[in-house]
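Report on the structure given below.
Just so it is clear: chains get the letters A, B, ... in the order the sequence lines come, proteins before strands, and each one is counted from 1.
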Protein chains: 2
Amino acid sequence: MASLQDVAKKAGVSTATVSRVLNDAPNISPDTRARVKKAIRQLMYKPNRVARRLRSPGGQKKLIGLLIPDIQNPFYVEVLRGVEDVAYANGYSVLLCNYAQDKKKEKSYLDILQSEEIDGLIAAPFDEEDPDIIRLLQSGLSLVCVDRGLKGIDVDIVLVDNFQGAYEATELLLKLGHKRIGYIGGMKSIPSSIQRKQGYVQAHQDYGVPLDEDLIRFGDSKHESGKKISNELLTQPDPPTALFTGNNLITLGALETIHALNLKIPEDIAIVGFDDMYWAISLNPPLTAVRQPGYGYEIGRRATQILFRRIAEPEMEPARVILNPKLIIRKSCGSAQLNAEQE
Amino acid sequence: MASLQDVAKKAGVSTATVSRVLNDAPNISPDTRARVKKAIRQLMYKPNRVARRLRSPGGQKKLIGLLIPDIQNPFYVEVLRGVEDVAYANGYSVLLCNYAQDKKKEKSYLDILQSEEIDGLIAAPFDEEDPDIIRLLQSGLSLVCVDRGLKGIDVDIVLVDNFQGAYEATELLLKLGHKRIGYIGGMKSIPSSIQRKQGYVQAHQDYGVPLDEDLIRFGDSKHESGKKISNELLTQPDPPTALFTGNNLITLGALETIHALNLKIPEDIAIVGFDDMYWAISLNPPLTAVRQPGYGYEIGRRATQILFRRIAEPEMEPARVILNPKLIIRKSCGSAQLNAEQE
DNA sequence: TTGAAAGCGCTAACAT
DNA sequence: ATGTTAGCGCTTTCAA
């Protein structure tokens with residue numbers, strides 16, 4: 001691999017000049033610029049990003065990190081795509097760290113990110129207290145949170161209105177006459193699990209339907225837990241007539257259980273899920289779901305834009321972007337039209 | 001951030017000694033080692049991976065690249081997980097490059113990978129000719145291909161037996177009595193699209209069922225193309241009675257069309273897909289599909305193991321791992337039991 | 001067993 | 001407008 005030195009030699013200039021041409025610095029004679037560019041072409045020179053990163057001050061390293069809880073969750077795939085598109089358009093690469101719901105792995109990735117000289121980080125923390133991320137933030141790293149924030153800390157954050165989404169989902173089921181609606185949340189330590197529960201509770205209160213605390217359960221945000229908890233709920237003596245599932249994977253797990261129990265949707269059991277997927281229409285039956293903007297893509301996109309602003313302007317007021325979810329009504333909760341939008 | 005220099009100063013030794021302790025070099029007195037370790041702890045020192053990568057010879061950079069065509073395809077998510085798990089277990093990070101089926105983006109990512117000082121690359125090339133990847137390989141980079149190889153080049157590769165998987169899928173449909181089976185392939189330039197077509201063709205020949213070339217179509221490996229092509233096939237005067245879809249996303253697209261046309265599966269149209277997903281059982285109806293080992297996870301895992309061997313032993317014979325697919329029979333092709341395995 | 005010093009490829013003062 | 005030089009944080013000869 002040709003180095004910047006080689007280019008300098010070939011063009012008969014100093015390395016500084018080559019560096020200037022590379023970085024579009026002003027005050028270079030058109031002639032030298034041309035000579036350097038020619039040498040670059042001839043040698044097929046590509047700047048070494050590692051060396052550049054080592055030398056460049058913060059904000060010019062052209063690398064950002066993305067820390068997510070679970071790449072198997074299609075929501076985070078969409079977030080990733082949003083992040084990647086904006087980063088790529090700006091000449092940045094993305095170092096993806098998927099901690100797979102494992103707190104130890106998260107910590108280890110945070111160490112790696114710290115020693116990879118990134119310009120900034122987009123992260124969905126393990127939980128609201130996450131001391132490791134807080135330490136990183138306080139050490140001066142530009143950070144934007146997605147999906148969940150940090151307790152008591154005013155950090156840039158982009159997320160959906162979880163309360164509202166859960167409220168609308170629950171409201172739909174209540175309007176359809178359901179009195180016993182199960183809620184299967186993700187991990188109890190994740191703010192979104194709590195906020196979604198609150199929307200669920202508030203809807204019950206507003207509609208005067210008494211709550212049965214036993215129908216409210218939390219798991220670990222994964223497929224398996226949706227499968228297991230839905231089975232517990234549906235095989236008890238007085239089972240719910242509807243289910244509100246707390247995320248993508250939980251919904252898929254619950255569907256699997258429902259089919260295994262040979263229950264009919266929506267006659268025996270109605271279901272509304274948080275998180276829509278572009279193929280949710282091909283599920284059995286087509287799923288009624290709360291869609292986050294762009295299925296998550298929009299969250300990644302916005303977060304990255306904010307991160308770039310934060311990098312350029314570290315003292316900027318923290319941004320707090322709360323996007324609106326949208327209830328997509330399909331067949332899994334009955335043939336209701338009501339007043340929510342349809343796909 | 002404390003640097004290695006700081007540690008050296010604190011411990012009263014040279015930077016070389018600290019480096020030796022860090023890398024578990026021999027010939028260090030237990031006493032010095034202890035002093036250095038203590039300083040490391042006190043300063044909470046973490047080695048800077050960027051500096052290390054810049055200085056280290058190939059094979060010690062602790063970073064590998066993963067280049068994939070489409071992160072929206074759950075198959076590649078599983079491949080990623082397999083790669084990541086093995087890499088992580090060995091102290092390596094993974095730089096993920098998703099070129100989103102875009103050849104220009106692939107080239108650009110290849111440039112980035114080259115200038116990121118990676119130890120090796122796992123890649124699913126855009127097509128078999130891919131000159132950019134070939135150049136990288138010839139420049140001495142350790143490369144393992146997944147899912148598709150490079151024409152005329154003996155490179156390490158891990159993939160599933162596409163011919164066999166397609167053969168079994170088609171055979172199932174033929175045994176069920178279907179005479180007009182549509183094949184919706186991915187991009188024609190991708191070897192797997194061709195190999196799967198060949199399995200489809202061979203099964204027809206073996207079962208003495210004439211081929212209708214018009215039922216064989218190729219698209220772009222994405223959801224939208226599955227949706228569009230299946231619509232073309234199913235709305236023609238003499239439509240097929242069964243569909244064999246060439247990948248994950250094509251299957252989901254086809255399902256969407258089938259439902260939109262209000263056709264019953266499997267009565268009006270049977271469907272078997274290449275690529276199983278762990279939630280395929282929750283589709284409408286539960287999908288009969290060709291499962292790659294671990295849904296793709298196993299391919300990522302094996303490829304990474306081979307990459308590490310290749311890095312350690314560059315002159316090793318190229319490995320060619322061909323894994324067996326497995327036909328998972330569910331309801332989308334009728335209630336057949338036959339002789340294939342069931343889930 | 002340890003240290004001094006060179007240098008990976010680049011950028012950024014500081015000179016000129 | 002261009003060159004000289006120091007140095008980012010580390011590893012690795014070479015010497016002692």
Side-chain angles (χ1 to χ4, degrees), chain A residues 1-37 39-40 43-63 91 111-119, chain B residues 1-37 39-40 43-63 91 111-119:
Chain A
M1 283 287 299
S3 76
L4 184 143
Q5 288 232 32
D6 301 329
V7 176
K9 207 168 294 169
K10 179 132 200 160
V13 298
S14 74
T15 59
T17 301
V18 179
S19 177
R20 286 186 190 109
V21 171
L22 245 35
N23 296 290
D24 286 317
N27 299 335
I28 305 220
S29 81
D31 177 56
T32 355
R33 186 181 298 269
R35 276 211 328 287
V36 170
K37 290 215 162 177
I40 288 178
L43 294 172
M44 297 202 307
Y45 167 75
K46 300 268 185 297
N48 182 315
R49 293 175 73 103
V50 181
R52 178 177 277 184
R53 199 175 309 135
L54 186 59
R55 195 57 246 260
S56 298
Q60 323 251 77
K61 296 172 186 295
K62 301 291 178 187
L63 180 70
D111 284 348
I112 289 177
L113 283 163
Q114 191 169 181
S115 61
E116 280 288 359
E117 301 268 340
I118 55 178
D119 275 332
Chain B
M1 284 285 300
S3 75
L4 183 142
Q5 287 232 34
D6 301 330
V7 176
K9 207 168 293 169
K10 180 134 201 160
V13 297
S14 74
T15 58
T17 301
V18 179
S19 175
R20 287 187 188 107
V21 172
L22 243 35
N23 296 290
D24 284 318
N27 299 335
I28 304 220
S29 80
D31 177 56
T32 346
R33 186 180 298 269
R35 276 213 326 288
V36 171
K37 291 214 162 178
I40 288 177
L43 295 171
M44 297 203 307
Y45 167 75
K46 300 269 185 294
N48 181 315
R49 293 175 74 103
V50 180
R52 176 177 277 185
R53 200 175 309 136
L54 187 59
R55 195 58 244 262
S56 297
Q60 323 250 78
K61 295 170 186 296
K62 301 291 179 188
L63 180 70
D111 284 349
I112 289 177
L113 283 163
Q114 190 169 180
S115 61
E116 280 288 359
E117 301 268 337
I118 56 177
D119 274 333

How would you list, by chain and number, every residue that makes a side chain to side chain contact (heavy atoms under 4.5 Å, CB included) with Lys37(B), sequence neighbours excluded? Val21(B), Arg33(B), Arg41(B)
Sequence-distant partners of Asp31(A), side chain to side chain contact (heavy atoms under 4.5 Å, CB included), two or more places apart: Ser29(A), Arg35(A)
Leu4(A) atom CG is separated from dG7(C) atom C1', nearest whole Å, by 15 Å
Using a heavy-atom distance cut-off of less than 4.0 Å, which residues of residues 23-32 of chain B contact DNA chain C? Asn27(B), Ile28(B), Ser29(B), Thr32(B)
Residues that Lys62(B) engages under side-chain hydrogen bond (donor to acceptor under 3.5 Å, both in side chains), provided they are two or more places apart: none
side-chain hydrogen bond (donor to acceptor under 3.5 Å, both in side chains) against Lys61(B), all qualifying residues, sequence neighbours excluded: Glu117(B)
Just the rounded figure in Å: distance from P of dT11(D) to CZ of Arg49(B). 12 Å
With salt bridge (Lys or Arg N to Asp or Glu O under 4.0 Å) as the rule and sequence neighbours excluded, what pairs involving residues 5-20 of chain B come up? none
Distances under 3.5 Å between protein N/O atoms and the N/O atoms of nucleotides 6-8 of chain D, please, pair by pair.
residue, atom, partner, partner atom, Å
dG7(D), N2, Arg55(A), NE, 3.3
dG7(D), N2, Arg55(A), NH1, 2.8
dG7(D), N3, Arg55(A), NH1, 3.1

Pairing residues for Thr15(A) by the side chain to side chain contact (heavy atoms under 4.5 Å, CB included) criterion, not counting sequence neighbours: Leu4(A), Gln5(A), Ala8(A)
Compute the angle between the rotation axes at the two ends of the helix from dT1(C)-dA16(D) to dT16(C)-dA1(D), each taken over five pairs, rounded to 10 degrees. 40°
Whole angstroms only, please: what is the NZ-P distance between Lys9(A) and dC10(C)? 13 Å
Quick one: Arg52(B) CZ to dG9(C) P, roughly how many Å, whole number? 18 Å
Apply side chain to side chain contact (heavy atoms under 4.5 Å, CB included) to Lys46(A) and list each qualifying residue two or more places apart in sequence or on a separate chain. Met1(A), Asp111(B)
To the nearest Å, give me how far apart NZ (Lys61(A)) and C1' (dA12(C)) are. 13 Å
Would you tabulate the pairs of protein nitrogen or oxygen atoms and nucleotide nitrogen or oxygen atoms of nucleotides 13-16 of chain D closer than 3.5 angstrom?
none

Arg53(B) meets the side-chain hydrogen bond (donor to acceptor under 3.5 Å, both in side chains) criterion, sequence neighbours left out, with Glu116(A)
